[in-house]
Amino acid sequence: MRNQNQSSPKMVISILALAVMSVMVSCGSKSEESEGTFISFGKDGSVQSRIVESFVPENAPENYYDEEELQQSILSQAASYNRNTGNGSITVEKVEIKDDMALVQMSYASAEDYASFNKAVLFVGEASKAEAEGYEINVVLSSIKDANETVGRADILAMKDARLLITNVSDGIVLNGKALYVSENVTVSGDAKTIVRNAEDNGLAYIIFK
């Protein structure tokens with residue numbers, strides 16, 4: 001049985017940057033980039049991740065950041081993962097530092113690769129597969145159109161033409177479809193195409209989308 005209460009993962013840039021930079025503290029954004037982590041799904045099952053974080057080391061001199069060092073650190077982590085799995089399932093598409101903002105764009109072959117690399121929970125697929133893999137699906141989800149309309153385990157398993165997303169990621173996730181039913185710790189926006197899990201909730205987020 002999987003641990004249903006794993007804590008939300010740190011952003012990749014937060015983890016990897018520590019190998020290059022000293023103690024960090026967040027600062028105000030000096031860029032037009034929206035700060036945070038944004039995940040989207042491809043029709044082929046791939047996952048794209050765009051991370052924008054604002055960091056300044058304490059008492060750091062001007063021009064402290066070394067973009068090349070940060071890039072090599074992230075590339076090294078991704079290459080190590082690819083060697084261990086025996087395939088090129090992770091691609092580092094962009095690493096950039098500008099105006100104290102670090103931008104990292106990465107592509108993962110599957111949700112499983114994203115989850116493994118980031119030590120996160122990110123399942124996307126049929127409800128029956130989720131249950132077979134040990135996820136708890138005896139949950140109550142509410143319709144985004146009418147909160148009084150709810151579905152439970154039997155209903156969820158019966159939705160063969162819809163997909164189930166289970167995650168502890170509390171960043172913005174763009175669905176390749178529209179959310180139909182969600183757990184109470186989920187906020188839906190963007191015409192039901194974007195979901196965010198409540199970061200203060202330690203439980204997993206459940207989303208049925210099609």
Subject >> Residues forming a salt bridge (charged side-chain N to carboxylate O under 4.0 Å, His left out) with E131, sequence neighbours excluded >> reply: R153
Original post:
Which residues pass the side-chain hydrogen bond (donor to acceptor under 3.5 Å, both in side chains) test with N176, sequence neighbours left out?
Top reply: R163
**OP:** May I ask you to check whether over 12 heavy atoms, not counting those of Q72, lie within 6.0 Å of atom CD?
**Re:** yes
**OP:** Work out which heavy atom in L204 is nearest to a heavy atom in N185; give both atom names and the distance.
**Re:** O-ND2, 3.2 Å
Original post:
Please, which pairs that meet ring-ring contact (aromatic ring centres under 6.0 Å, His included) have at least one residue in residues 77-104, sequence neighbours excluded?
Top reply: Y81-F117
Original post:
Given the rule in the side chain to side chain donor-acceptor pair (under 3.5 Å) test, do D113 and S110 qualify, once you have shown the distances and angles that lead to the verdict?
Top reply: CA-CA 5 Å; D113 289 309; S110 68; 2.9 Å; yes
**OP:** Looking only at non-hydrogen atoms, find the nearest pair between A120 and V169 and report the distance.
**Re:** CB-CG2, 4.2 Å
**OP:** Of all the heavy-atom pairs spanning L175 and A192, show the shortest one and how long it is.
**Re:** CD1-O, 4.0 Å
Subject >> Within 6.0 angstrom of E126 CD, more than 12 heavy atoms from elsewhere >> reply: no
Subject >> Residues that F123 engages under ring-ring contact (aromatic ring centres under 6.0 Å, His included), provided they are two or more places apart >> reply: Y135
Subject >> In one Ile/Leu/Val/Met/Phe/Trp/Tyr side-chain cluster, 4.5 Å: L75, L70 >> reply: yes
**OP:** Return the minimal non-hydrogen interatomic distance between T167 and R197, and the atom names on each side.
**Re:** O-CD, 3.9 Å
**OP:** Quick one: closest heavy-atom pair of I156 and I137, and the distance?
**Re:** CD1-O, 3.9 Å
Original post:
What heavy-atom pair brings Q48 and S46 nearest, and what distance separates the two atoms?
Top reply: NE2-OG, 3.0 Å
Original post:
So which pairs with a foot in residues 198-210 pass salt bridge (Lys or Arg N to Asp or Glu O under 4.0 Å), sequence neighbours left out?
Top reply: D161-K210
Subject >> Non-neighbouring partners of D191 that pass side-chain hydrogen bond (donor to acceptor under 3.5 Å, both in side chains), sequence neighbours left out >> reply: K178
